[in-house]
Each structure stands twice: as structure tokens, then as C-alpha cells.
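Read the structure below first, then the notes.
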Amino acid sequence: MPRPIRSLRFALVAACFFLSWRACGEEIEFRAFVQADYRLRDDLHAWRNTAAVLGTIVRERFGSSIAPVIRVNHPPEGFVALLQMPAKKSGALRVLYLASHVEADGTILFSNRTKMLPGDLAARLDGRSGFWSPDVVIADTCHAASFAYDRRWLGTVEADHLFSSD
């Protein structure tokens, strides 16, 4: 009997497929926001590795001259800062990788013990001009559909989403 597909493996394979299909001849700007050290879940460290592998794929597979930006264990303000950084190259395909534990009610858990809904996180971007807007969001979280059903998140972060969940 085949083993079930684990969420991180699925996200990596799906992201590689999507990026290779969409990025023929395009530059890719990859940013990752990863919460690997949540105090109640010691098993989340693999997300740090997944973000690094995706960044390497972007850099090496597609010959991107745009270095990936990977933020690990930053508070919600770090997410805002990540998206406030200006784009490196106009016209590049912008990919945002999010990894964290998300509870069944949709609450994102941050390593600094902050808990926040996706829409509340997105609200911190509302009204700010010129934030880096991704073309694709890869939500590699438990209960990843929380991002899909949060109108405030989707109204602010208007991008195609790839959801992976355990």
C-alpha cells in the first residue's frame, strides 16, 4: 500500500511543478515567512528546510538573479516588513511561501506566542501603499483552507493560492 503524501512533500512537488510550468523564461522573486519554532510544536523545524529548498530551486533551477528572501521566526510585524520590501525586478513572478501551525479555528501561531487570524495579519497591510504583492501564495500550514475562507486575507492578498495541509 502506498504511503500517504505528507504536506511538506506535496507543497514542494506542487510548487516545483507550478514554478516550472509558469516561469518559463520569467524571473522569479521568492519570499518565505516561516514559523518553525512554535513553543508547543517541536516538529515544525522541517518548514525551515522546505523554505530553503524552494529558495534554492528558484535560484538554481531558474537561474534567477533575484536572491530569495527567507524570514524564519519573525513576529507579525516581520511579515509586514517582508512585504514592505520593494520588488527587486519589475515583471518578475512573485511567490510567497507561508509556513506555520494554524489551529482549527484559523488562528496562525507565531513563534513569539502571538496568535492571529489571516485576515488580521492582512489588515496590517491594508492602507499601506506599495506593498509587495505576490502573484502566488503557497500556504503550507495545518488547516490551510483558513486562508481560502478569510475574505479579509483574500481581499488584501489578491493572488493565486496553493494550499497544503496535514
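When reading the values below, keep in mind they use all heavy atoms of this one structure, side chains included, and skip hydrogens, waters and symmetry mates. Worth saying up front: this structure is predicted, and the values here are computed from it rather than measured.
The backbone N or O of Ser111 lies less than 3.5 Å from a partner atom in the side chain of Gln35, making a donor-acceptor pair. The backbone N or O of Arg152 lies less than 3.5 Å from a partner atom in the side chain of Thr156, making a donor-acceptor pair. With hydrogens and angles disregarded, a donor-acceptor distance shorter than 3.5 Å links the side chain of Ser146 to the backbone of His143. No side-chain donor-acceptor contact under 3.5 Å links Thr141 to the backbone of Val102. Put simply, the side chain of Asp140 never gets that close to the backbone of Ala99: no donor and acceptor are under 3.5 Å apart. At least one donor-acceptor pair under 3.5 Å links the side chain of Arg31 to the backbone N or O of Met85.
The heavy-atom pair separating Ala144 from Phe163 by the smallest distance is O-CD2, 3.4 Å.
Residues Asp120 and Pro76 form no side-chain contact, since every pair of their non-hydrogen atoms from C-beta on lies 4.5 Å or further apart. The shortest distance between side-chain heavy atoms of Trp132 and Leu96 falls below 4.5 Å. For the pair Glu103 and Leu109, the minimum side-chain heavy-atom distance is below 4.5 Å. A heavy-atom distance below 4.5 Å is not found between the side chains of Pro134 and Val95. Between Phe79 and Leu121, some side-chain heavy-atom pair lies under the 4.5 Å cut-off. Side-chain contact between Ile70 and Val72: present, with at least one pair of heavy atoms (C-beta onward) separated by less than 4.5 Å. The side-chain heavy atoms of Leu117 and Asp150, taken from C-beta on, include a pair separated by under 4.5 Å. Inter-residue side-chain proximity for Ser133 and Val157 is flagged as unmet; no heavy-atom pair is nearer than 4.5 Å.
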**Message:** side-chain contact (heavy atoms from CB on, under 4.5 Å), that's the test. Do Asn73 and Val34 meet it? Break it down for me.
**Reply:** CA-CA 6 Å; Asn73 296 325; Val34 178; over 6 Å; no

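Remark: Ile108 CD1 to Lys115 NZ distance equals 12.5 Å, nearest 0.5 Å. In this structure, OG1 on Thr114 lies 13.5 Å from NE2 on His74, to the nearest 0.5 angstrom. Going from atom CG of Leu82 over to atom CZ of Phe131 covers 12.0 Å, rounded to the nearest 0.5 Å. Atoms CZ and CD1, from Phe147 and Ile138 in turn, are 12.5 Å apart once rounded to the nearest 0.5 Å. Between the OG1 atom in Thr107 and the NE2 atom in His101 there is a gap of 9.5 Å [rounded to 0.5 Å].
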